[in-house]
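Structure, as structure tokens:
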2 protein chains.
Amino acid sequence: MAGGRVTVIDIAKAAGVSKSTVSLVLQGSPLVNEGTRVKVSAAMRELGYVYNRGAATLRQTGAKSKIIGVVVNDLTNSFFAELAVGVDMVVQSAGFVQFLSNTSESIDRQREVIASMREHGISGLIVSPARATEAADFKPLVAAGIPVVVAVRSLPGAKVSSIVSDNHEGTAAAVRHLASLGHRRISFLGGFPNTAVFAERLTGYRDAVVEVGLGFDDELIVSSAPSRAGGADAIARTMAMGNPPTAAVCFNDAVAFGVCDGLRARGMEPGRDFAVVGFDDVIEAQTAVPALTTISVDPQGMGRRAAQLLLKQINAGKVEAENVTAAVRLVVRESCGAAQRKSREELA
Amino acid sequence: MAGGRVTVIDIAKAAGVSKSTVSLVLQGSPLVNEGTRVKVSAAMRELGYVYNRGAATLRQTGAKSKIIGVVVNDLTNSFFAELAVGVDMVVQSAGFVQFLSNTSESIDRQREVIASMREHGISGLIVSPARATEAADFKPLVAAGIPVVVAVRSLPGAKVSSIVSDNHEGTAAAVRHLASLGHRRISFLGGFPNTAVFAERLTGYRDAVVEVGLGFDDELIVSSAPSRAGGADAIARTMAMGNPPTAAVCFNDAVAFGVCDGLRARGMEPGRDFAVVGFDDVIEAQTAVPALTTISVDPQGMGRRAAQLLLKQINAGKVEAENVTAAVRLVVRESCGAAQRKSREELA
DNA sequence: CTGTTAGCGCTTTCAC
DNA sequence: GTGAAAGCGCTAACAG
């Protein structure tokens, strides 16, 4: 039983029919007689037949197997583990299986695993790119007609589908949250003004500030490098103002960390003396700074959406790349909610 | 370029050689001329050739693809995510790719994904079984000559390799730890006496108790169902004794939770008033009860070991099932260490 | 060292 | 409805 694999021809012989009839049964074709069908099925069960999907894929023109590749940059981070779970859910129920690989932010490994996946004939790829991934890295894939969905991190000029956080709604939700806590002067800190992401997030902030009836003050927008150092710099400049804010919506979580640093440097405790909200770009905020409110997405939901997006493209043959945004939610930490509430009372 | 896949014959034509020469180059055979090799390689690069591993696998007798399946019962639990990362490391460096699926403790889904993996011709399987998995569920796989490694949870009478925590060393380490904190009366709580796991853990406890010079007292061993309710029951009976212990090594983490419940019910705070150590069976302790010391394994390390075990079997053809134990470590939580230290001072 | 030939297990026309 | 034959892309024997 070890070497002797049982094939369609074996079960054809056992059932007293021909190869192709068995094949039709396998595909659930209506062309085959009911009696024949059960006879064949019985033989398959009896002989312990297992379908050889590789052979089938080979024969089919186009040679697409029912495999979709998933590549994440850090599976150790539970955000990405959840993302993978979300993907797996829809992928499985669509009859596909999931190749999952972890790159640990290594661009070389990313290249390797994607190459390996291609050799195995994946019919689509979902990837949360490692840092420093170039848009061009996916050119060969799309040229070969393999749909790609980039998730979590957007890729500059790649002509592939993507799913990232809803930038506009994220900062807007943050502003509404802070306003509901009583804050009247809310700043927008960090980021380089000449990027699309910055524009979206700033517009969300601006729209919400107006919406909640706070006057819009240009002075409250302080750009900087989108880094931890940049955040520290931005908060320093902000606090030097005549009428400083009591809260900040930060361009991303790296900036938020820097803002916290800067606050502490001046003897203020973030969350207690000054409310800060970070935007989960790098997805590290969850563990790094517990006393921080963050704008995040539901990772499983994002995974499901990504998979749906991909399957749509696979089934539709080839479609234009589609860029969608994932709904965000505000994650207010316990340690932070109480503190921010206190800051409201002081302001009242 | 979309439909027209480039094949060995294309590159043979382009390089002015024959199919099989190309094949030899692909496999890095030393039989081929250096000049020919570079010519062929150049053609491959130029035409954007991608190796069709499915076709190769099909042709090879035995039909084993370079895929190994990994099935975990809860990828949402970071323990298993880490395990998968560990597996991926060694699997990738051995030139295999990883099919990863999550069963969410569903035995039906587990059956499905394993069937699917078989159809894709996995050459081995690493599985952390869903609850209620039967040993017989893996019979077909081993009959087909596909090596299986069961990890984390042991499977009663399955004739497959397994890697689980080192039971003896785990409870022994717990006893040594508690003794070093000053505890003199340490109980062993929970579990059904007639199982192999119970025997191993109890022996570890007993050996260490003797080793550290504490008299062995039969009264301190209180068995119960290996569940939360069982733990509550066990601690209740224990505290009713004339000379109650000050610490407990629990059969598993479910029991430990129950012990904590029971402690609180009598106005005692686990960790502060009574030291409790859980054994990570279900791997939920990490988040569930922060003030608890647990006996755990390094998940990535376990994943690597599991993968090595599997690869060994794959390369060796067919081997006897091998049962190995993974080294454990004591995870002492901050909130707990201080508390337990205090309890030592009181005892001193 | 390189070319020819024959399949791996399956699907797919096309006859019967 | 069912059978016969061809071939997917690759490797494995043999010849040259």
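First the proteins, then the strands, lettered A, B, ... as listed; each starts at 1.
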- Message: Heavy atoms from C-beta onward define the side chain here; which of C/dG9, D/dT11, D/dG9 lies closest to that of A/Arg5?
- Response: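 Nearest to the side chain of A/Arg5 among the choices is C/dG9.
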- Go through C/dT11, C/dG9, D/dC10 for me and flag the one nearest to the A/Leu26 side chain.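 In terms of side-chain proximity for A/Leu26, the closest of C/dT11, C/dG9, D/dC10 is C/dT11.
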So, is [X] close to the [N] phosphate, meaning a side-chain N or O under 4.0 Å from OP1 or OP2?
{"X": "B/Thr21", "N": "C/dG3", "result": "yes"}
{"X": "A/Ser23", "N": "C/dT11", "result": "yes"}
{"X": "B/Gln27", "N": "D/dC10", "result": "no"}

Distance check needed: [N] [atom2] versus [X] [atom1], whole Å only.
{"X": "A/Ile9", "N": "D/dA4", "atom1": "CD1", "atom2": "C1'", "result": "12 Å"}
{"X": "B/Leu58", "N": "C/dC10", "atom1": "CG", "atom2": "C1'", "result": "8 Å"}
{"X": "B/Gln60", "N": "C/dA6", "atom1": "CD", "atom2": "P", "result": "21 Å"}
{"X": "B/Leu31", "N": "D/dA12", "atom1": "CG", "atom2": "P", "result": "12 Å"}
{"X": "B/Lys19", "N": "C/dC8", "atom1": "NZ", "atom2": "C1'", "result": "13 Å"}
{"X": "B/Ile11", "N": "C/dT2", "atom1": "CD1", "atom2": "C1'", "result": "14 Å"}
{"X": "A/Leu24", "N": "C/dT12", "atom1": "CG", "atom2": "C1'", "result": "9 Å"}
{"X": "A/Tyr49", "N": "C/dG9", "atom1": "OH", "atom2": "P", "result": "10 Å"}

Confirm from the modelled atom types if [X] and [N] form a donor-acceptor pair under 3.5 Å, side chain to base only.
{"X": "B/Arg59", "N": "C/dG7", "value": "yes"}
{"X": "B/Ser20", "N": "C/dT4", "value": "yes"}
{"X": "A/Ser18", "N": "D/dA4", "value": "no"}

Short side-chain to backbone donor-acceptor contact, [X] and [Y], under 3.5 Å:
{"X": "A/Glu46", "Y": "A/Ile11", "value": "no"}
{"X": "A/Asp88", "Y": "B/Asn102", "value": "yes"}
{"X": "B/Asp10", "Y": "B/Thr7", "value": "yes"}
{"X": "B/Ser78", "Y": "B/Ala81", "value": "no"}
{"X": "B/Asn52", "Y": "B/Ala55", "value": "yes"}

- Message: For a stem of at least 3 consecutive Watson-Crick or G-U pairs with distances under 3.5 Å, i pairing with j, i+1 with j-1 and so on, which stems involve DNA chain D?
- Response: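 The stems that DNA chain D takes part in, listed by first number, are C:1-4 with D:13-16, C:6-16 with D:1-11.
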- Task: Output every pair passing salt bridge (charged side-chain N to carboxylate O under 4.0 Å, His left out) with a member in residues 115-124 of chain B, not counting sequence neighbours, ordered by first then second residue.
- Result: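 Residue pairs passing salt bridge (charged side-chain N to carboxylate O under 4.0 Å, His left out), neighbours aside: A/Arg53-B/Glu119.
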- Message: Reading DNA chain C from 5' onward, which residue's closest nucleotide shows up sooner: B/Ala56 or A/Tyr51?
- Response: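 Comparing both residues, the 5'-ward one is B/Ala56.
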- Task: Mind checking A/Val22 for me? I need base, sugar-phosphate or nothing, with any heavy atom below 4.0 Å counting as a touch.
- Result: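 Touches nothing.
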- Between A/Glu322 and A/Lys312, is there a side-chain N and carboxylate O pair less than 4.0 Å apart?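 Salt bridge between A/Glu322 and A/Lys312, a charged N being under 4.0 Å from a carboxylate O: yes.
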- Task: Please say which of B/Arg131, B/Gln110, B/Glu105 ends up in a side-chain hydrogen bond (donor to acceptor under 3.5 Å, both in side chains) with B/Asn73.
- Result: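 Testing each of B/Arg131, B/Gln110, B/Glu105 against B/Asn73, the sole residue satisfying side-chain hydrogen bond (donor to acceptor under 3.5 Å, both in side chains) is B/Glu105.
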